[in-house]
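Have a look at the structure below, then the notes.
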Amino acid sequence: CIPSLIMPIKRSLDSRDGEIMAKMLCVLQQLVKSDEGVGEALVPYYRQLLPCFNLYKSANHNLGDKIYYAQRKRQNMGDLIEETLAILERHGGED
C-alpha cells in the first residue's frame with residue numbers, strides 16, 4: 001500500500017505550493033502516527049521524499065517580537081518540516 005502513496009506525496013511536495021506542501025506534511029505526519037509499521041515502511045523511500053524537505057527546512061520567518069500568524073495555522077514550512085522529520089525519526093525503526 002505504501003509504494004502507491006509515494007508518487008502522490010512526492011508530487012505534492014515538489015509542487016512548491018506552500019499550502020499544498022503544508023497539507024501534505026500534515027497528512028504525512030498523521031500517516032506515520034496511524035500505525036506502528038508505517039514509519040519503517042517509509043524508510044526505503046526517504047531518498048525520494050527528503051530532498052524537497054532540504055529546500056524548505058530553513059524557511060522560518062523571523063519577525064523578531066512580531067506575530068507570524070501562519071504558525072498558529074500550522075503553515076510555517078520550516079516548523080512543519082522540523083516536526084515531520086522528528087516524527088519520521090521517532091517512528092522509523094532501528095538505526
Side-chain angles (χ1 to χ4, degrees):
C1 180
I2 295 292
S4 63
L5 296 175
I6 297 304
M7 286 313 293
I9 292 171
K10 183 171 173 28
R11 229 182 339 232
S12 297
L13 295 174
D14 286 341
S15 72
R16 299 180 192 254
D17 181 336
E19 190 174 330
I20 292 173
M21 289 178 65
K23 288 200 186 296
M24 183 50 69
L25 288 169
C26 291
V27 167
L28 192 57
Q29 289 177 11
Q30 291 300 317
L31 179 68
V32 171
K33 291 179 188 176
S34 69
D35 190 61
E36 290 289 319
V38 175
E40 286 186 51
L42 283 173
V43 171
Y45 302 101
Y46 281 180
R47 293 183 101 187
Q48 294 174 347
L49 300 177
L50 297 181
C52 73
F53 285 18
N54 197 31
L55 295 173
Y56 291 94
K57 188 176 177 192
S58 61
N60 280 329
H61 295 275
N62 185 2
L63 301 177
D65 60 351
K66 296 179 184 174
I67 297 173
Y68 182 59
Y69 289 101
Q71 288 175 326
R72 183 179 58 186
K73 298 177 189 173
R74 294 188 50 138
Q75 292 178 338
N76 187 349
M77 199 58 62
D79 290 343
L80 274 172
I81 288 173
E82 289 291 330
E83 282 178 35
T84 306
L85 289 173
I87 290 169
L88 288 172
E89 185 175 355
R90 235 178 288 127
H91 295 275
E94 299 281 326
D95 284 340

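Counting from 1, the numbers follow the sequence of the chain as shown. Below, each value reflects all heavy atoms present in this structure, side chains not excepted, and no hydrogens, waters or symmetry copies.
Note that CG of Asp35 and CD of Glu40 are 10.5 Å apart. Values are rounded to the nearest 0.5 Å. Note that NZ of Lys33 and CD of Gln30 are 5.5 Å apart. Values are rounded to the nearest 0.5 Å. Here the CD atom belonging to Glu19 is positioned 10.0 Å from the CE atom belonging to Met77, to the nearest 0.5 angstrom. Taken from CG in Leu13 to CG in Leu50, the straight-line distance is 9.5 Å, to the nearest 0.5 Å.
Nearest heavy atom pair, residue Ser12 against residue Met24, reads OG-CE, 3.4 Å. Here the shortest heavy-atom pairing between Val32 and Gly39 reads CG1-CA, 4.2 Å. Nearest heavy atom pair, residue Leu88 against residue Phe53, reads CD1-CE2, 4.2 Å.
When side chains are defined from C-beta on, Tyr45 does not count as touching Ile9, because their heavy atoms never get closer than 4.5 Å. A 4.5 Å side-chain heavy-atom check between Leu42 and Leu28 finds at least one atom pair inside the cut-off. For the pair Ile20/Lys23, no side-chain contact is recorded, criterion being any heavy-atom separation below 4.5 Å from C-beta on. Looking at heavy atoms from C-beta onward, Arg16 lies in side-chain contact with Leu55 at the 4.5 angstrom threshold. The shortest distance between side-chain heavy atoms of His91 and Val38 does not fall below 4.5 Å.
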For this session: Evaluate the side chain to side chain contact (heavy atoms under 4.5 Å, CB included) criterion for residues Ile81 and Asn54: first the C-alpha distance (whole Å), next the side-chain angles of each, then the deciding distance (0.1 Å), finally the verdict.
Result: CA-CA 9 Å; Ile81 288 173; Asn54 197 31; over 6 Å; no

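Residues Val43 and Met7 are members of separate hydrophobic clusters, defined by side-chain heavy-atom contacts under 4.5 angstrom among Ile, Leu, Val, Met, Phe, Trp and Tyr.
Among Thr84, Leu31, Leu80, the one residue that satisfies the side chain to side chain contact (heavy atoms under 4.5 Å, CB included) test with Cys26 is Leu80.
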